[in-house]
Amino acid sequence: MKRDIKKILVTGALGQIGTELVTALRNKYGIENVIASDLRPNPSNRVAQEGPYEVLDVTKSDDIRRTIIKYDIDTIFHLAAILSAVGERDPHLCWNVNMNGTINVLDMGVRYELARVIVPSSIAVWGFGVPKYDVPQESVLKPSSMYGVTKVAGELLCDYYVNKFGLDCRGLRYPGIISSETLPGGGTTDYAVEIFYEAVKHNYYNCFLRSDTELPMMYMPDCIKATIDLAEANFENLKHHSDFNVASMTFTPQILADEIRKTLPDFKIDYNPDYRQKIADSWPASIDDSSARDEWNWNPAFNLSTMTKDMLEKLSAKHKAGLI
Ligand code: NAD
Ligand code: AKB
């Protein structure tokens, strides 16, 4: 069994998190040591221009096998997935990519004795019937979305591979991730990213969730820090493996709009909830992340006000430069 992180493969690397995780990993481990992969051939995306990039469909285990051998991979950050909103529109696609993709990655992890496999989970593991606030690490997992079903099964599968095959597999339950680099790929928390783009471009946003929908969120720099910190944590210190709660901030669309108005006083918002409201209503508002704090010193840096200020600065600069 390899132990060190030296040669990394990132699946789903063209997505919202992948584009920024690949850059952070390349800064840390060296450009040539981080292989980005996704479905699209010849993408214009920075991660594919700056360093190694492979076309890799996670539902095809031969694609994964070929890439592990080609680059002598020892660590996989498995980000390829179908998120909640797209998953509700196409549940079979969601099941196929999230479940078959994950078991293919885990099987290759065992076969090639990888040092580590990191598989993100989500607040989507919860459904109705858990407390709305400070959901504990150990809690009932009864999601009502197909995405949530695959995330619960994915966590259980990863823990099974830890116990059955001794594979070092780790995962964390991200809240909604907010970022200014790549747009999100079809989730329920996407409103908290779209609102910033629309505020900067049009001073107006038509929100697909109700004004009082409270959800846990996290700014991308904290998401990247959490992911790399967990990947690098000492295995012996971990009592949990694939299901760490990680929290940062909680707000509603109305609270976020009020925060944006501190910089853009004329910003206006309307609320026209669609099918995503039902998914959001099934998720908790805040979570207890004391296990992550205790086991690998998790501690977020951003809050609502610092995140909003940073997002508006970054997107205003992009807008002025004609990039958005
Ligand atoms: P995203 O939708 O932005 O990106 C996913 C990427 O996976 C896309 O680039 C897509 O092309 C790729 N992909 C889809 N099917 C594939 C396949 N068969 N083979 C290879 N690639 C495929 O997602 P993200 O936001 O970057 O999410 C990354 C991980 O984090 C996922 O596991 C997701 O469930 C989890 N997560 C994300 C958030 C969030 O708010 N972004 C929150 C909680 C959990
Ligand atoms: C989604 O909304 O589907 C994701 C998530 C919270 O997992 N952002």
Side-chain angles (χ1 to χ4, degrees), residues 9-22 36-41 43 45 47-48 53-64 67 76-90 93-102 104-105 117-126 143 145-152 154-155 158 171-179 181-194 208-209 213 215-220 222-224 226-227 242-248 275-280 282-284 287:
L9 169 64
V10 180
T11 70
L14 299 179
Q16 186 195 5
I17 297 174
T19 44
E20 299 204 41
L21 182 65
V22 166
S37 72
D38 208 300
L39 291 176
R40 255 178 292 154
N45 191 299
V47 301
Y53 175 79
E54 291 285 326
V55 176
L56 186 160
D57 180 343
V58 293
T59 65
K60 297 179 181 158
S61 54
D62 209 48
D63 281 9
I64 308 170
T67 312
I76 300 181
F77 288 78
H78 173 47
L79 303 185
I82 301 297
L83 277 72
S84 60
V86 176
E88 272 329 88
R89 289 204 306 266
D90 193 342
L93 174 71
C94 185
W95 177 268
N96 186 30
V97 173
N98 296 6
M99 294 317 307
N100 292 328
T102 300
N104 286 342
V105 167
V117 178
I118 292 85
V119 183
S121 185
S122 160
I123 53 164
V125 292
W126 289 294
S145 68
M146 175 55 100
Y147 174 64
V149 169
T150 66
K151 286 296 172 188
V152 173
E155 286 183 359
C158 289
L172 58 184
R173 293 169 175 160
Y174 294 140
I177 305 299
I178 299 163
S179 66
E181 182 82 25
T182 303
L183 281 164
T188 303
T189 57
D190 292 14
Y191 94 82
V193 181
E194 288 172 6
F208 59 77
L209 295 181
T213 311
L215 288 169
M217 300 281 180
M218 181 181 286
Y219 196 30
M220 185 62 91
D222 279 328
C223 168
I224 300 300
T227 310
S242 311
D243 58 1
F244 280 102
N245 287 2
V246 280
S248 173
Y275 71 101
R276 290 168 280 193
Q277 185 66 50
K278 197 171 150 215
I279 305 174
S282 73
W283 293 350
I287 53 191

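Values in this document were obtained by computation on a predicted structure and should not be read as measured data. Note that ligands are numbered from 1 as they come in the structure, with each ligand's atoms numbered from 1 the same way.
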Pull out every atom of ligand 1 sitting under 4.0 Å from any heavy atom of [X], numbered as shown with elements.
X	answer
Ser121	43 (C), 44 (C)
Pro175	40 (O), 42 (C), 43 (C)
Leu79	28 (C), 29 (C), 31 (C), 32 (O)

Looking only at non-hydrogen atoms, which of Leu83, Thr188, Val193 approaches atom 2 (O) of ligand 2 most closely?
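Answer by nearest heavy atom: Thr188.
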Tyr147 N/O under 3.5 Å from ligand 2 N/O
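Min N/O separation from ligand 2 is below 3.5 Å for Tyr147.
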Going by distance only, is there an N or O of Asp190 that falls short of 3.5 Å from an N or O of ligand 2?
no
Provide, to 0.1 Å, the distance between atom 27 (O) of ligand 1 and the closest protein heavy atom, together with that atom's residue and name.
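Looking only at protein heavy atoms, the one closest to atom 27 (O) of ligand 1 is Ile17 CD1, 4.0 Å.
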Which residue supplies the protein heavy atom nearest to atom 3 (O) of ligand 2, what is that atom called, and how far is it?
Ser84 OG, 2.5 Å
Less than 4.0 angstrom from a charged side-chain N to a carboxylate O is my criterion; do Arg173 and Glu155 meet it?
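Salt bridge present between Arg173 and Glu155.
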Any idea which part of Ile279 is under 4.0 Å from ligand 2, heavy-atom wise: side chain, backbone, both or neither?
neither
Within the 4.0 Å heavy-atom shell around Trp283, which atoms of ligand 2 are there?
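Once the distances to Trp283 are compared, the set is 1 (C), 2 (O), 3 (O), 6 (C).
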Against heavy atoms of Ser122, which atoms of ligand 2 measure under 4.0 Å?
5 (C), 6 (C), 7 (O)
Could you establish whether Ala13 and ligand 1 come within less than 4.0 Å of each other, counting only heavy atoms on the residue side?
no
